[in-house]
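Report on the following structure.
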Amino acid sequence: MRSKPQCGINLKLIVLFCSFFLLFTILILRSNLSSPLKTPPSSSTTISETHLSNSSDQPQVPKCPSLEVPFIPTCTKTPPSLANALIHYATTNITPQQTFKEISVSARILAKKAPCNFLVFGLGLDSLMWAALNHGGRTVFLEEDQSWIDQIKERLPNLESYHVVYDTKVHEAEKLFEHGSKEECKTVSDPRFSKCPLALKNLPGDVYDMEWDLIMVDAPTGYFDGAPGRMSAIYTAGLMGRNREEGETDVFVHDVDRVVEDKFSKAFLCEGYLREQEGRIRHFTIPSHRARLGRTFCP
């Protein structure tokens, strides 16, 4: 049992505490009524407003990763094909036969389509470059000279190349051109089953089974009468493009300053499909003739 004086003191303390609490509550209410109610800006709003106010004065700075999420560093290695190409061209004084502007014509299309299926008639000093630019795709080279294939494979074993035997000669070009105007050469089909003497029928089977997105005709040799010439390569490239199930094939022909390349590319790849010429290279876009029946051989 507590004494009266102690109870009186406790009562006074309680009254004093309640009075103080009431006074504190009144002060808070008066403060809120004297100014409009504002919602504290979030951190994201503050950052956004600050950014907008300073955007005209200061360059934009990339946002940093959130500190709430652990930052995991990533490392992207140089693709092996690109690394090999850089080393190869940095350690040799031999440059591709095409000029920078000529290479750029094909490279622009390849940049849009890669990784893709890229068929190249010819195995040369620029082969590693094409394979590197088509990283992740399939790049196949067809070469007439087996000894040259062996030399390249020794230095660049990762390139996919095949030996091809041509049974034409440059001095036969005029006769072949005349034959190309016949109906059997205007019929779209698999080159293996074509009745046209210009169609190449002895390529590796995989070459016929693949739908090629790009075809480069920079071989076989064609600068003297006894050389195979590019008559069949040009015709077959166009036939492959027309015979694909759907889509289109970009075909590039180099050395169009020569009679055969000039005449055969215009006739069998068609001037109506010509997209660009830069220097000695022409770019044609051949659409599928199977996707839309009734197309004429040339538009």
Side-chain angles (χ1 to χ4, degrees), residues 97-98 119-124 140-146 148 162-205 207-208 210 212 214-244 248-275 277 280-290 295-299:
Q97 294 177 327
Q98 294 187 31
L119 179 65
V120 183
F121 285 86
L123 181 65
V140 174
F141 302 94
L142 304 178
E143 172 57 39
E144 65 192 282
D145 188 346
Q146 182 62 58
W148 178 243
Y162 300 97
H163 181 229
V164 177
V165 177
Y166 297 90
D167 56 5
T168 57
K169 301 295 180 184
V170 171
H171 64 76
E172 301 171 340
E174 193 61 38
K175 181 180 178 181
L176 288 168
F177 187 81
E178 292 176 3
H179 205 121
S181 63
K182 296 182 179 181
E183 188 61 31
E184 60 195 37
C185 291
K186 302 297 183 181
T187 303
V188 176
S189 66
D190 187 316
R192 288 173 290 190
F193 312 123
S194 173
K195 295 181 180 179
C196 181
L198 280 166
L200 290 170
K201 303 177 176 66
N202 62 339
L203 302 179
V207 172
Y208 297 108
M210 184 72 66
W212 300 101
L214 278 79
I215 301 178
M216 172 78 72
V217 180
D218 204 4
T221 307
Y223 60 87
F224 62 95
D225 284 348
R230 300 178 186 173
M231 300 81 70
S232 292
I234 292 172
Y235 175 83
T236 302
L239 193 57
M240 286 179 170
R242 292 179 177 88
N243 193 53
R244 65 182 295 154
E248 58 187 24
T249 300
D250 291 282
V251 181
F252 305 89
V253 180
H254 193 226
D255 296 318
V256 294
D257 56 324
R258 301 193 303 219
V259 175
V260 167
E261 285 80 356
D262 175 44
K263 194 172 183 177
F264 276 72
S265 66
K266 287 180 178 178
F268 299 111
L269 299 179
C270 306
E271 292 186 75
Y273 292 146
L274 178 62
R275 296 293 174 261
Q277 177 171 343
R280 297 174 298 150
I281 197 166
R282 283 183 189 149
H283 169 212
F284 299 83
T285 301
I286 312 297
S288 166
H289 283 216
R290 292 172 58 191
R295 285 184 188 269
T296 56
F297 191 80
C298 281

Just by modelled atom types, is the [Y] backbone N or O under 3.5 Å from a matching donor or acceptor in the [X] side chain?
X	Y	answer
Lys201	Ser194	yes
Thr187	Glu183	yes
Asn202	Val165	yes
Thr249	Leu214	no
Trp212	Val207	yes
Arg295	Ser288	yes
Thr168	Pro228	yes
Glu144	Tyr166	no

Quiz item: Between His289 and Phe297, what is the ring plane arrangement, given parallel below 30°, perpendicular above 60°, and tilted in between?
Solution: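 The rings of His289 and Phe297 stand perpendicular, inter-plane angle above 60°.
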Quiz prompt | Criterion salt bridge (Lys or Arg N to Asp or Glu O under 4.0 Å) against Asp262, the qualifying member of Arg230, Arg280, Arg282 | solution =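 Exactly one candidate clears the test, Arg282.
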Between [X] and [Y], what is the shortest heavy-atom contact and its length?
X	Y	answer
Gln277	Val256	NE2-CG2, 3.7 Å
Gly241	Ile286	C-CG2, 4.0 Å
Leu269	Val251	CD1-CG1, 3.7 Å
Tyr208	Leu200	OH-O, 2.6 Å
Ala219	Ala233	O-CB, 3.8 Å
Lys169	Asp225	CB-O, 3.9 Å

Quiz item: Which is it for Leu123 and Trp148 under the side chain to side chain contact (heavy atoms under 4.5 Å, CB included) test, yes or no, and what are the steps along the way?
Solution: CA-CA 8 Å; Leu123 181 65; Trp148 178 243; 4.2 Å; yes
Quiz prompt | Phe224, CZ atom: more than 12 neighbouring heavy atoms under 6.0 Å | solution =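 Yes, enclosed.
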Exercise. Answer yes or no: are there more than 12 heavy-atom neighbours, outside Lys186 itself, under 6.0 Å from its atom NZ?
Key: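 Correct, the count exceeds 12.
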Within this structure, what is the [atom1]-[atom2] distance for the pair [X] and [Y], rounded to the nearest 0.5 Å?
X	Y	atom1	atom2	answer
Ser265	Asp255	OG	CG	11.0 Å
Ile234	Leu198	CD1	CG	10.0 Å
Arg244	Arg290	CZ	CZ	10.5 Å
Glu178	Lys175	CD	NZ	9.5 Å
Phe284	Tyr273	CZ	OH	12.0 Å
Asp218	Ile281	CG	CD1	7.0 Å

Side chains of [X] and [Y] in contact at under 4.5 Å (non-hydrogen atoms):
X	Y	value
Glu184	His179	yes
Tyr223	Arg258	yes
Cys185	Pro197	yes

Quiz item: Are Phe264 and Tyr235 near enough that their ring centres are under 6.0 Å apart?
Solution: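 Judged by ring-centre distance (under 6.0 Å), Phe264 and Tyr235 do not meet the cut-off.
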Quiz item: Can Glu143 and Tyr162 be said to form a side chain to side chain contact (heavy atoms under 4.5 Å, CB included), step by step?
Solution: CA-CA 6 Å; Glu143 172 57 39; Tyr162 300 97; over 6 Å; no
Quiz item: Looking at Glu261 and Lys266, does any basic side-chain N land under 4.0 Å from a carboxylate oxygen?
Solution: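 No, no charged N to carboxylate O under 4.0 Å.
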Exercise. Assess whether side chain to side chain contact (heavy atoms under 4.5 Å, CB included) is satisfied between Leu119 and Leu142, documenting all intermediate values.
Key: CA-CA 8 Å; Leu119 179 65; Leu142 304 178; 3.8 Å; yes
Self-check item: Partner of Asp250 by side-chain contact (heavy atoms from CB on, under 4.5 Å), out of Arg275, Met216, His283
Solution: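 Among Arg275, Met216, His283, the one that satisfies the side-chain contact (heavy atoms from CB on, under 4.5 Å) with Asp250 is His283.
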